[in-house]
Number of protein chains: 2
Amino acid sequence: MPIAPGRGPLYVQVRERLIERIAEGLWQPGQPLPSEIMLAEEFGVSQGTVRKALDALAADNLVVRHQGKGTFVATHTPQRELFHFFHLVGQDGAKQMPVTRRLLSCGQRRAERDEAVRLGLAANAHVIEIKRLRDMGGEPAILETIVVPARLFPGLSEIDALPNELYHLYEEGYGVTIHKAVEDIRAVAADRQAARVLGVDLGAPLLAIDRLAETLDGTPVELRMSLCDTRAHAYLSEIV
Amino acid sequence: MPIAPGRGPLYVQVRERLIERIAEGLWQPGQPLPSEIMLAEEFGVSQGTVRKALDALAADNLVVRHQGKGTFVATHTPQRELFHFFHLVGQDGAKQMPVTRRLLSCGQRRAERDEAVRLGLAANAHVIEIKRLRDMGGEPAILETIVVPARLFPGLSEIDALPNELYHLYEEGYGVTIHKAVEDIRAVAADRQAARVLGVDLGAPLLAIDRLAETLDGTPVELRMSLCDTRAHAYLSEIV
DNA sequence: GAGTGGTCTAGACCACAGA
DNA sequence: CTGTGGTCTAGACCACTCT
């Protein structure tokens with residue numbers, strides 16, 4: 001389908017059409033897009049215009065380009081998840097992979113009111129809640145509570161061995177690709193459960209990271225509250 | 001000076017040459033760069049190559065481009081400072097300008113050992129320390145301690161009325177442009193001074209934001225520790 | 001060798017700002 | 001009207017991957 005004139009710059013329109021197709025799953029994560037020449041023919045624009053659209057998608061981490069091979073829809077590798085979506089670092093500033101020490105609970109329940117609102121669900125919709133304790137450098141450091149809509153992840157609560165990095169599982173097992181997230185960070189006092197599992201005093205200061213993650217089309221799909229002991233680690237934010 | 005061949009892509013070399021000139025102050029903040037055509041002639045490349053270099057600089061917030069007017073070295077307006085370097089938001093997610101309620105102290109002293117290391121100073125170099133209490137929405141919310149090398153900011157400690165946004169003053173008054181910053185975020189317990197001025201209990205959880213800010217050439221020039229009451233506000237981190 | 005993305009050029013035309 | 005950046009094209013050549 002060639003692109004109609006008069007709706008703003010061509011490369012922006014091409015970019016939007018490509019985003020639509022990726023969002024609707026026409027090209028799956030890890031799969032190649034058609035070549036620049038093919039896309040240029042299809043849209044009735046020059047190769048340079050397609051290139052500009054694809055470069056913009058690459059800058060937004062939507063696709064990955066490989067010289068000599070092609071352009072591929074971005075996937076959630078553990079590396080990408082660690083460097084892009086995980087921000088706790090040790091004293092030396094180096095990132096470490098957080099390791100699940102213990103699965104505290106995992107099951108289905110009704111959504112709380114604010115959960116339903118933030119996830120865009122009906123008031124009494126079912127959600128799956130996963131609670132787990134994660135280590136950093138061999139010591140317990142993060143108490144993590146994850147809430148997702150049950151409808152999007154059938155059977156998730158029955159999986160015995162949840163992987164360390166859930167976003168890869170979301171993508172491979174359920175066709176849900178996390179694209180962006182917003183984190184609200186606060187300091188809170190440790191409650192009884194947090195104090196017990198993290199090995200800190202009741203009322204000790206903890207970092208509370210409240211994340212809402214969305215797919216490419218803006219649908220919110222995951223709530224994640226992380227309570228972190230920041231005596232040995234810190235949340236790193238780079239402002240460029 | 002035309003660009004020599006064989007050192008990688010031309011537009012990268014052009015970009016680096018332009019960064020050098022901006023860093024050394026050849027073009028001051030707010031001033032226009034030569035036009036694309038002029039730069040292309042000088043470097044002996046095509047206009048398209050210069051354009052690609054300038055677009056990259058614009059993406060890094062180093063220059064601002066205005067159709068019909070020209071390309072200008074980026075400046076620190078209060079807006080930019082608020083949206084780019086300040087991350088506390090209210091319950092509704094809206095940013096508010098923090099207002100200085102009280103200047104607690106301001107003076108010169110010797111650098112602590114870790115301050116000297118992080119700022120790249122000699123062990124006994126002089127630094128200026130500014131301590132102030134800032135409001136968010138009319139309530140005290142941030143206890144801020146700023147440490148800068150005295151050599152770079154002569155007379156800063158004698159200014160009566162420090163502005164709300166220091167980075168604009170650094171740029172205008174001292175020719176120091178902050179370009180990037182790294183923030184380490186932790187949860188800490190309120191000490192006596194913090195508890196008193198912020199109006200919280202002794203030991204209450206506070207967010208501690210430890211910022212090291214650098215100029216374009218990578219010289220560290222400011223240490224800033226912010227202790228924040230996050231009962232009414234949160235640190236916002238967007239992951240795209 | 002064929003196909004891919006990466007770089008570079010030259011030129012046309014458009015949109016906008018300012019004298 | 002001139003000069004600026006913004007868009008779009010067509011084509012050349014390079015670097016890389018795979019067969």
Side-chain angles (χ1 to χ4, degrees), chain A residues 1-19 21-22 27-75, chain B residues 1-19 21-22 27-75:
Chain A
M1 286 299 193
I3 284 191
R7 318 256 184 262
L10 290 182
Y11 75 89
V12 174
Q13 298 176 54
V14 171
R15 178 176 158 274
E16 284 166 356
R17 297 270 291 264
L18 294 174
I19 290 178
R21 295 190 186 177
I22 295 173
W27 303 310
Q28 293 291 313
Q31 294 304 112
L33 274 63
S35 74
E36 296 178 352
I37 294 174
M38 302 282 289
L39 291 170
E41 266 179 28
E42 189 200 350
F43 290 128
V45 300
S46 77
Q47 188 179 353
T49 300
V50 170
R51 167 174 296 278
K52 198 163 178 181
L54 288 173
D55 284 343
L57 294 186
D60 292 341
N61 294 310
L62 260 156
V63 301
V64 178
R65 316 197 75 188
H66 289 299
Q67 190 174 46
K69 298 210 287 188
T71 303
F72 302 81
V73 180
T75 63
Chain B
M1 287 300 195
I3 285 191
R7 316 258 184 263
L10 289 182
Y11 75 90
V12 173
Q13 298 176 54
V14 171
R15 178 176 158 275
E16 284 165 356
R17 298 269 291 262
L18 294 173
I19 290 178
R21 295 191 186 176
I22 295 173
W27 303 309
Q28 294 289 314
Q31 294 305 111
L33 273 63
S35 74
E36 296 177 352
I37 294 174
M38 303 283 287
L39 290 170
E41 266 178 28
E42 188 199 352
F43 290 128
V45 300
S46 77
Q47 187 180 352
T49 300
V50 170
R51 166 174 296 279
K52 198 164 177 180
L54 288 172
D55 284 343
L57 295 185
D60 293 340
N61 295 309
L62 260 157
V63 301
V64 178
R65 318 195 74 189
H66 289 298
Q67 189 174 43
K69 297 210 288 188
T71 303
F72 303 81
V73 180
T75 63

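Keep in mind that what you see is a predicted model, and the values were worked out from it rather than measured. In the text below, chain A, chain B and the rest are named by the order of the sequence lines, each starting its count at 1.
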Quick one: pull up [atom1] in [X] and [atom2] in [Y] and give me the separation to the nearest 0.5 Å.
X       : Y       : atom1 : atom2 : answer
B/Ser35 : B/Gln47 : OG    : CD    : 7.5 Å
B/Leu39 : B/Arg17 : CG    : CZ    : 11.0 Å
B/Arg51 : B/Ile37 : CZ    : CD1   : 10.0 Å

Under 3.5 Å donor-acceptor pair, A/Arg65 side-chain atoms to C/dG6 base atoms: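 Flag unset: no donor-acceptor pair detected.
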Starting from [atom2] on [N], measure out to [atom1] on [X] and report it in whole angstrom.
X       : N      : atom1 : atom2 : value
B/Leu10 : D/dA15 : CG    : P     : 13 Å
B/Glu36 : C/dA10 : CD    : P     : 15 Å
A/His66 : D/dT17 : NE2   : P     : 10 Å
A/Asp55 : D/dC8  : CG    : C1'   : 15 Å

Under 4.0 Å between a side-chain N or O of [X] and OP1 or OP2 of [N]?
X       : N     : value
B/Tyr11 : C/dT7 : yes
B/Arg51 : D/dG5 : no
B/Lys52 : C/dT7 : yes
A/Thr49 : D/dT9 : yes
A/Ser35 : C/dT4 : yes
A/Thr71 : C/dT4 : no

Distance-minimising heavy-atom pair for A/Pro29 and A/Ala74: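 Here A/Pro29 and A/Ala74 meet closest at CB-O, 3.7 Å.
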Side chain proximity check, A/Leu18 to A/Leu54, heavy atoms < 4.5 angstrom: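 A/Leu18 vs A/Leu54: side chains touch.
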5' priority, DNA chain D, between A/Pro9 and A/Gln67 [closest heavy atom]: A/Pro9
Upstream residue (5' side of DNA chain D) when A/Gly48 and B/Met38 are each assigned their closest nucleotide: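 Between the two, 5'-proximity favours B/Met38.
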Nearest-nucleotide pick for B/Ser46, side chain only, options being C/dC8, C/dT4, D/dC18: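 Among the listed nucleotides, the one closest to the side chain of B/Ser46 is C/dC8.
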